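Position 1 is the first residue of the sequence; numbering continues from there. These figures come from a predicted structure and were not determined experimentally. Below, all heavy atoms of this structure are taken into account, side chains as well, without hydrogens, waters or symmetry copies.
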Amino acid sequence: MKSTVLFLSGDLIFASRVRAACESADKTFSLAGRLPEEPNEDVGWVIVDLSTRNGVVAELMPTVSRVCPEARVVAYGPHVQVARLKGAREAGVPTVLTRGQFDAGLSSMFS
């Protein structure tokens, strides 16, 4: 089973919460600014923080299909950043959540 959670964010404080959820589910946590260039078969999740990495959204889904096609893709952002949430949906991100929704589901996301 794919065990790496690739977290695209610049929020180091919130990253520690995501890391803890990954470790509790025996997943490998990887914090990055963008997707890898080369295929990575071990990536099972790609999570994008729209408040700090919104710039990757336009090419996110084509890149995911090339480098980690089986990964589950989730984007989240503050509920007040409606345009960013809408942009992620329009870019084809299958799961777009508010930060509150993402945080609430974090403990069971990787199980």
Side-chain angles (χ1 to χ4, degrees):
M1 179 181 268
K2 311 214 178 285
S3 67
T4 298
V5 176
L6 184 58
F7 185 55
L8 305 180
S9 178
D11 183 344
L12 300 179
I13 308 253
F14 196 65
S16 66
R17 291 182 49 75
V18 177
R19 178 187 302 270
C22 290
E23 289 172 354
S24 142
D26 290 325
K27 304 298 179 200
T28 302
F29 175 82
S30 178
L31 178 63
R34 60 186 171 85
L35 286 166
E37 299 288 326
E38 298 300 317
N40 185 333
E41 297 293 321
D42 196 46
V43 175
W45 290 265
V46 173
I47 300 173
V48 180
D49 175 356
L50 296 173
S51 63
T52 65
R53 294 295 181 259
N54 191 55
V56 304
V57 169
E59 292 301 315
L60 181 67
M61 295 313 295
T63 304
V64 165
S65 19
R66 184 173 49 80
V67 300
C68 48
E70 295 180 30
R72 295 177 215 160
V73 182
V74 176
Y76 75 92
H79 70 278
V80 296
Q81 293 181 347
V82 176
R84 289 182 180 196
L85 296 168
K86 182 180 178 196
R89 286 186 194 98
E90 289 173 351
V93 176
T95 305
V96 179
L97 306 169
T98 65
R99 182 179 169 117
Q101 291 169 321
F102 177 73
D103 191 32
L106 194 52
S107 63
S108 62
M109 182 169 291
F110 309 115
S111 51

Sequence-distant partners of Ala25, side-chain contact (heavy atoms from CB on, under 4.5 Å), two or more places apart: Lys27, Phe110
Residues in side-chain contact (heavy atoms from CB on, under 4.5 Å) contact with Ala32, at least two apart in sequence or another chain: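 Only Leu6, Leu8 meet the side-chain contact (heavy atoms from CB on, under 4.5 Å) criterion with Ala32.
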How far apart are the closest heavy atoms of [X] and [Y], and which atoms are they?
X: Val93; Y: Leu60; answer: CG2-CD2, 3.8 Å
X: Ala71; Y: Val46; answer: CB-CG2, 4.0 Å
X: Phe29; Y: Ala15; answer: CZ-O, 3.7 Å
X: Met109; Y: Arg72; answer: O-NH1, 4.5 Å

Report the residues that fulfil side-chain hydrogen bond (donor to acceptor under 3.5 Å, both in side chains) with [X], sequence neighbours left out, ordered by chain and then residue number.
X: Glu38; result: none
X: Arg66; result: none
X: Asn40; result: none

Please answer: with hydrophobic residues joined when any side-chain heavy atoms are less than 4.5 Å apart, are [X] and [Y] in the same cluster?
X: Val18; Y: Val74; result: yes
X: Leu31; Y: Ile13; result: no
X: Leu97; Y: Val73; result: no

Non-hydrogen side-chain atoms of Val64 and Pro69 separated by less than 4.5 Å: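 The answer is no; the side chains never approach within 4.5 Å.
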Student check: side-chain heavy atoms of Glu37 and Val67 closer than 4.5 Å: no
Roughly how far, to the nearest 0.5 Å, is [atom2] of [Y] from [atom1] of [X]?
X: Leu35; Y: Cys68; atom1: CG; atom2: SG; value: 6.0 Å
X: Ser24; Y: Arg19; atom1: OG; atom2: CZ; value: 14.0 Å
X: Ser107; Y: Arg17; atom1: OG; atom2: CZ; value: 9.0 Å

Verdict with reasoning, Asp42 to Ser3, per side-chain contact (heavy atoms from CB on, under 4.5 Å): CA-CA 6 Å; Asp42 196 46; Ser3 67; 3.2 Å; yes
Residues in salt bridge (charged side-chain N to carboxylate O under 4.0 Å, His left out) contact with Glu70, at least two apart in sequence or another chain: Lys2
Residues forming a salt bridge (charged side-chain N to carboxylate O under 4.0 Å, His left out) with Arg99, sequence neighbours excluded: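 Applying salt bridge (charged side-chain N to carboxylate O under 4.0 Å, His left out) to Arg99 gives Asp11.
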Apart from Val82 itself, residues in the same hydrophobic cluster as defined by side-chain heavy atoms under 4.5 Å: none
Side chain to side chain donor-acceptor pair (under 3.5 Å) contacts in which one or both residues fall within residues 56-65, not counting sequence neighbours: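 Matches after skipping sequence neighbours: none remain.
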Listed once per pair and sorted, the side chain to side chain donor-acceptor pair (under 3.5 Å) pairs that draw on residues 88-98, sequence neighbours left out: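 Of all non-adjacent pairs touching residues 88-98, those that pass side chain to side chain donor-acceptor pair (under 3.5 Å) are Thr98-Gln101.
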Pairs flagged by ring-ring contact (aromatic ring centres under 6.0 Å, His included) wherever residues 61-95 is involved - sequence neighbours left out: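 Every ring-ring contact (aromatic ring centres under 6.0 Å, His included) pair that includes a residue of residues 61-95, provided the two are not neighbours, is Phe14-Tyr76, Tyr76-Phe102.
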Side-chain donor-acceptor pairs of residues 48-58 under 3.5 Å, sequence neighbours excluded:
| from | atom 1 | to | atom 2 | distance (Å) |
| --- | --- | --- | --- | --- |
| Asp49 | OD1 | Ser51 | N | 3.0 |
| Asp49 | OD1 | Ser51 | OG | 2.6 |
| Asp49 | OD2 | Ser9 | OG | 2.8 |
| Asp49 | OD2 | Thr52 | OG1 | 3.3 |
| Thr52 | OG1 | Gly10 | N | 2.8 |
| Arg53 | NE | Gly33 | O | 3.4 |

